[in-house]
Amino acid sequence: MEDKVKHLVDWLQAKVAEAKVDGLLVGISGGIDSAVVAHLIKKAMPDHSLGVMMPCKSEGDDLVHAQAVAASCDIDSLTIDLSETHDVLFGTINETLEKADLVNVEQTRLADANLRARLRMSTLYTVATNHRYLVVGTDNLAEWHTGYFTKYGDGGVDIAPLVHLTKGEVREMARYLGVPDTVIDKKPSAGLWEGQTDENEMGTTYDMIDRYLKGESIPEKDRKIIDAMHQRSQHKRDGIGFPPAF
């Protein structure tokens with residue numbers, strides 16, 4: 001694990017030098033992936049790293065856990081509450097759609113959730129520009145393979161150090177780095193609506209996805225869910241589509 005952490009810290013330092021910027025920042029959600037990234041960027045850039053907490057009608061102890069993460073790695077941090085901003089923007093969009101009789105009620109919750117993620121992305125890039133920092137992503141291999149991230153939301157980043165690590169490997173690294181147990185042991189959630197958890201939304205578990213990605217045998221129903229998620233989300237990994245040159 002020491003070698004893995006050193007490999008990622010060296011890579012982060014190289015990306016800063018390559019981009020000719022001053023440092024690194026991450027959005028700290030109170031979840032395990034952003035906690036690991038916070039610890040890594042603090043090691044990579046001890047005097048030029050920042051954690052940004054962005055509650056947006058957040059529930060439970062997410063902010064408390066995020067603050068505990070910042071304290072555990074002694075990273076500089078700031079909190080920007082996006083609740084009011086989200087209310088104004090989502091309200092304006094919905095009001096316009098309603099007046100035009102164009103509201104698709106079945107998509108409203110997802111649109112709301114994705115807007116929260118994209119507001120956080122915009123916030124991170126605004127702060128990053130102010131500091132001349134790179135925005136560091138938190139997606140792990142399981143999330144990348146299944147597309148379990150918001151396009152131009154938490155998927156809108158400059159670099160993604162955890163993309164080759166399964167959820168289980170992220171958990172192992174978290175314990176090695178000293179991430180608080182309350183964060184390591186909590187149910188993974190993007191915090192996009194009340195009671196939301198990653199595994200309930202996906203219909204399978206991170207353990208099943210990890211086993212699948214390692215080539216192990218898993219139940220057919222889980223394999224079908226994972227394959228379908230991968231196929232549906234291919235556009236997220238492909239980036240912007242361009243027509244053939246003519």
Side-chain angles (χ1 to χ4, degrees), residues 1-54 65-78 120-121 124-125 127-129 131-146 148-149 154-186 188 190 198 206-207 209-216 237:
M1 187 57 70
E2 182 179 356
D3 290 340
K4 290 179 181 179
V5 169
K6 184 178 185 305
H7 173 78
L8 291 176
V9 168
D10 289 347
W11 180 79
L12 287 166
Q13 292 170 339
K15 299 307 286 185
V16 169
E18 178 185 307
K20 295 181 173 58
V21 294
D22 296 331
L24 303 165
L25 68 74
V26 66
I28 303 180
S29 67
I32 191 170
D33 301 300
S34 65
V36 168
V37 171
H39 276 257
L40 291 173
I41 68 172
K42 174 64 178 182
K43 285 180 176 293
M45 304 296 294
D47 300 319
H48 296 282
S49 52
L50 180 67
V52 185
M53 304 167 206
M54 298 167 287
H65 292 159
Q67 292 166 337
V69 167
S72 71
C73 59
D74 195 29
I75 193 171
D76 290 338
S77 64
L78 55 88
R120 287 172 174 141
M121 179 274 291
L124 289 177
Y125 270 97
V127 177
T129 300
H131 284 65
R132 296 191 72 253
Y133 284 4
L134 292 177
V135 176
V136 186
T138 65
D139 290 325
N140 56 56
L141 178 59
E143 291 166 338
W144 183 254
H145 182 84
T146 59
Y148 194 72
F149 56 90
D154 51 319
V157 298
D158 293 313
I159 53 177
L162 305 185
V163 77
H164 298 303
L165 299 177
T166 65
K167 192 72 170 183
E169 289 169 335
V170 171
R171 189 171 291 108
E172 290 173 16
M173 187 170 286
R175 294 196 188 282
Y176 173 82
L177 291 169
V179 171
D181 287 341
T182 50
V183 174
I184 294 174
D185 296 333
K186 70 189 291 189
D198 294 357
Y206 277 113
D207 179 60
I209 299 170
D210 285 358
R211 286 171 55 188
Y212 175 94
L213 293 171
K214 290 187 286 188
E216 298 176 7
R237 291 177 294 275

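By the 30° and 60° cut-offs, the orientation of the rings of Tyr133 relative to His48 is perpendicular.
The distance from the CG atom of Leu78 to the CD1 atom of Ile28 is 9.5 Å, given to the nearest 0.5 Å. Note that OG of Ser77 is 10.5 Å distant from NZ of Lys42, once rounded to the nearest 0.5 Å. Between Leu177 atom CG and Met1 atom CE the span is 8.0 Å, to the nearest 0.5 Å. With rounding to the nearest 0.5 Å, the separation of CD1 in Ile41 from CG in Leu12 is 8.0 Å. Distance check, rounded to the nearest 0.5 Å: CG of Asp47 to CE of Met45 gives 8.5 Å. Atom OH of Tyr148 sits about 9.5 Å away from atom CD1 of Ile209, to the nearest 0.5 Å.
Across every non-hydrogen atom of Pro161 and Leu8, the tightest pair is O-CD2, 3.4 Å. Closest approach of Ala142 to Thr146, counting heavy atoms only: O-OG1, 2.8 Å. Residue Ile184 comes nearest to Ile32 through the heavy atom pair CA-CD1, 4.0 Å, listed as atom of the first residue, atom of the second, then distance. Counting all heavy atoms, side chain and backbone alike, Glu143 lies closest to Tyr206 at OE2-OH, 3.4 Å. What you find for Ala44 and Leu24 is that their closest heavy atoms are CB-CD1, 4.3 Å. Smallest separation of non-hydrogen atoms from Gly155 and Asp139: CA-OD2, 4.0 Å.
A donor-acceptor distance shorter than 3.5 angstrom exists from the side chain of His131 to the backbone of Val127, with no hydrogens or angles considered. A donor-acceptor pair under 3.5 Å is absent between the side-chain atoms of Asp210 and the main chain of Thr166, judged by distance alone. The main-chain N or O of Asp154 is never found under 3.5 Å from a side-chain atom of Arg120 such that the two would form a donor-acceptor pair.
Using a cutoff of 4.0 Å between basic side-chain nitrogens and carboxylate oxygens, Asp181 and Arg175 are scored as salt-bridged.
One side chain, Tyr125 or Asp158, offers a donor N or O that lies under 3.5 Å from an acceptor on the other.
Annotation for Glu216: atom CD counts as buried by contact number, over 12 foreign heavy atoms lying within 6.0 Å. In Lys186, the NZ atom is crowded: over 12 heavy atoms of neighbouring residues, nucleotides or ligands sit closer than 6.0 Å.
Residues Leu40 and Leu162 form a side-chain contact, since some pair of their non-hydrogen atoms from C-beta on lies under 4.5 Å apart. Using a 4.5 Å heavy-atom threshold, the side chains of Trp144 and His164 count as separate.
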Open item on the list: Between His39 and Val5, does the side-chain contact (heavy atoms from CB on, under 4.5 Å) criterion hold? Intermediate values first, please.
Closed with: CA-CA 10 Å; His39 276 257; Val5 169; over 6 Å; no
TODO: Start with the C-alpha distance between Leu25 and Val135, add both sets of side-chain angles, then the distance that settles side-chain contact (heavy atoms from CB on, under 4.5 Å), and finish with yes or no.
DONE: CA-CA 5 Å; Leu25 68 74; Val135 176; 4.2 Å; yes
TODO: Kindly determine whether Tyr212 and His145 satisfy side-chain contact (heavy atoms from CB on, under 4.5 Å), including the steps that lead there.
DONE: CA-CA 11 Å; Tyr212 175 94; His145 182 84; 3.7 Å; yes
Task: Chi angles and distances behind the side-chain contact (heavy atoms from CB on, under 4.5 Å) call for Glu169, Leu141 - done: CA-CA 10 Å; Glu169 289 169 335; Leu141 178 59; 5.9 Å; no
Open item on the list: Assess the residue pair Ser34 and Thr138 against the criterion (side chain to side chain donor-acceptor pair (under 3.5 Å)); give the C-alpha distance rounded to whole Å, side-chain angles, the decisive distance to 0.1 Å, and a yes or no.
Closed with: CA-CA 5 Å; Ser34 65; Thr138 65; 5.9 Å; no
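Residues satisfying the side-chain hydrogen bond (donor to acceptor under 3.5 Å, both in side chains) test with Asp207, not counting sequence neighbours, are none.
Among pairs with a residue in residues 13-27, those fulfilling side-chain hydrogen bond (donor to acceptor under 3.5 Å, both in side chains) read Lys15-Glu18, Asp22-Arg132, at least two apart in sequence or across chains.
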